[in-house]
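Lettering follows sequence order; numbering is per chain, from 1.
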Number of protein chains: 2
Amino acid sequence: MKHESFHESAEMYLKTASELAGENTPTPIAALAGRLGVSAVSATEMVHRLQEQGLLAHQPYRGISLTAAGQQLADEVVRRHRLWECFLYERLGLPWHEVHDHACRLEHATTPAVTEALDAFLGHPAACPHGNPIDGQAGEPAERLLSELPVGGTAVLVRVHPESEGLLCYLAELDLLPGRRITLREIAPYQGPMVLQTDVGVRYIGREAAAHVHIRLLTEEPA
Amino acid sequence: MKHESFHESAEMYLKTASELAGENTPTPIAALAGRLGVSAVSATEMVHRLQEQGLLAHQPYRGISLTAAGQQLADEVVRRHRLWECFLYERLGLPWHEVHDHACRLEHATTPAVTEALDAFLGHPAACPHGNPIDGQAGEPAERLLSELPVGGTAVLVRVHPESEGLLCYLAELDLLPGRRITLREIAPYQGPMVLQTDVGVRYIGREAAAHVHIRLLTEEPA
DNA sequence: CACTAATATAAGGTTGGCCCAAAAACCGGG
DNA sequence: CCCGGTTTTTGGGCCAACCTTATATTAGTG
Ligand SMILES: [Mn+2]
Ligand SMILES: [Mn+2]
Ligand SMILES: [Mn+2]
Ligand SMILES: [Mn+2]
């Protein structure tokens, strides 16, 4: 049977490859596999299939990188994902940290006509509820990671990327949503948590989680 | 790998079985296969799988009928389908005859939380854009088929069931939407088309299509 | 009651997506 | 430059859903 378009699985590989490309290119297949919760063997097989379709290039023992065609498909999936997140959060009122997973289902079942109509219905939103851009220009230029904020510095939370249910849930508990103003009080020793002063109180966050929180720096030093 | 829940394919079999159950029970597997666009052999295989899961019962050479569990799953799929149709038609403004197919994709990617939130967002609609009930009481009791409307009789179009893209497209061209008032002028000989007088003009419709159009009779005879 | 058309089963294939265990290639430290 | 540990790849397998082409069974009808 002919596969009418790409399947959920292929779309998730492309989307994930796109997400990981920001961190290291070419992306090791193991990283893909890990994030997708799949064995390295399975990931390798899928990578070969996608390579045959001209969607990505695989340099053995190096890693993969998306072709222009693959990147475009990935971008389309991401766009649908973020539009659905907006809808689920703003219109349906679902919790901030839950919409990611629901959208991850819907993103593969959304036809172009629905995508465009949804975009218009939402008023062409600029970003998903977690701050990631839709139809985005390359984002703010002076963007840094919370994990790199110097002690004493103040910043505003811009976006969470890459997203995952667990991480979002953790951040939601800490009230660390986009727009939140953050000052780094100190960093506990031995890779300990960062102590943050926010406008809703003091918060502790691990380095690992902080590495996914993107910020715009306001001041390097305390006032 | 464990299949976390039911797959699109299984859901479509159950939904289709539920649709066809209205016409003849038990439903021949060939009817299922035909409507799903699948070979009779494939349908038989799937029927066996679903029977093992206790979702339907198969009497050889007779046909299938859904168990209570299977019917419930089918009903859930149908509910999601109709809620999405409402959203796509009323909120996104997609064409009346197109929303069916888009919803047929989304219905399998919709989690319970999304379903309930969507239902609330839409204000708990009573019917899909094609007139079929959501969370429905057994529909109007005195409902008939357009194909059985006596010559000279007048009726109002209630719903189109079962739905399919082609049929809806055909009806949309004829302006035959729910609420339309119809008087049957005559029936052309040799199984010819029915000649309808509507409030937007004269329309011709085939018997086959008319058998999917449900009406509420207003008067049996011309005024 | 015998025949025919519908239905079911058997047999053999394909593709996508996943798995494990074992071999092979690579890379960095000694 | 070789050795060992970490990828990656290869070689088997598995399962769900499809397919086609027979063959067997049955139900209904003449
Ligand atoms: Mn997804
Ligand atoms: Mn998001
Ligand atoms: Mn469907
Ligand atoms: Mn409908």
Checklist entry - Under 30°, 30 to 60°, or over 60°: which ring-plane class applies to B:His48 and B:His58, parallel, tilted or perpendicular? => result tilted
Next on the checklist: Quick check on contacts: within residues 26-35 of chain B, what sits under 4.0 Å from DNA chain C by heavy-atom distance?
Outcome noted: B:Pro28, B:Ile29, B:Ala30
Item to check | A:Ser42 side-chain N/O to C:dG17 phosphate OP1/OP2 under 4.0 Å | outcome: no
Checklist entry - Just to confirm, is there a sub-4.0 Å distance from OP1 or OP2 of C:dA8 to any side-chain nitrogen or oxygen of B:His58? => result yes
Next on the checklist: Which is more 5' along DNA chain C, the nucleotide nearest A:Tyr61 or the one nearest A:Ser9? Just name the residue.
Outcome noted: A:Ser9
Item to check | Residue closer to the 5' end of DNA chain C, A:Ala10 versus B:Ala40 (nearest nucleotide) | outcome: B:Ala40
Checklist entry - To the nearest 0.5 Å, how far apart are NE2 in B:His212 and NE2 in B:His214? => result 7.5 Å
Report the nucleotide, chosen from [options], that has the shortest atom-to-atom distance to any side-chain atom of [X].
X: B:Val38; options: D:dC19, C:dC18, C:dG17; answer: D:dC19
X: B:Arg49; options: D:dC18, D:dA17, C:dA8; answer: D:dA17
X: B:Glu45; options: D:dC18, C:dC18, C:dG17; answer: D:dC18

Next on the checklist: Tell me the closest heavy-atom pair linking A:Ala74 and A:Leu66, and the distance in Å.
Outcome noted: CB-CD1, 4.3 Å
Checklist entry - Which pairs, with at least one residue in residues 51-78 of chain B and sequence neighbours excluded, count as a salt bridge (charged side-chain N to carboxylate O under 4.0 Å, His left out)? => result none
Next on the checklist: Can you see whether B:His7 engages B:Glu11 through a side-chain donor-acceptor pair at a distance of less than 3.5 angstrom?
Outcome noted: no
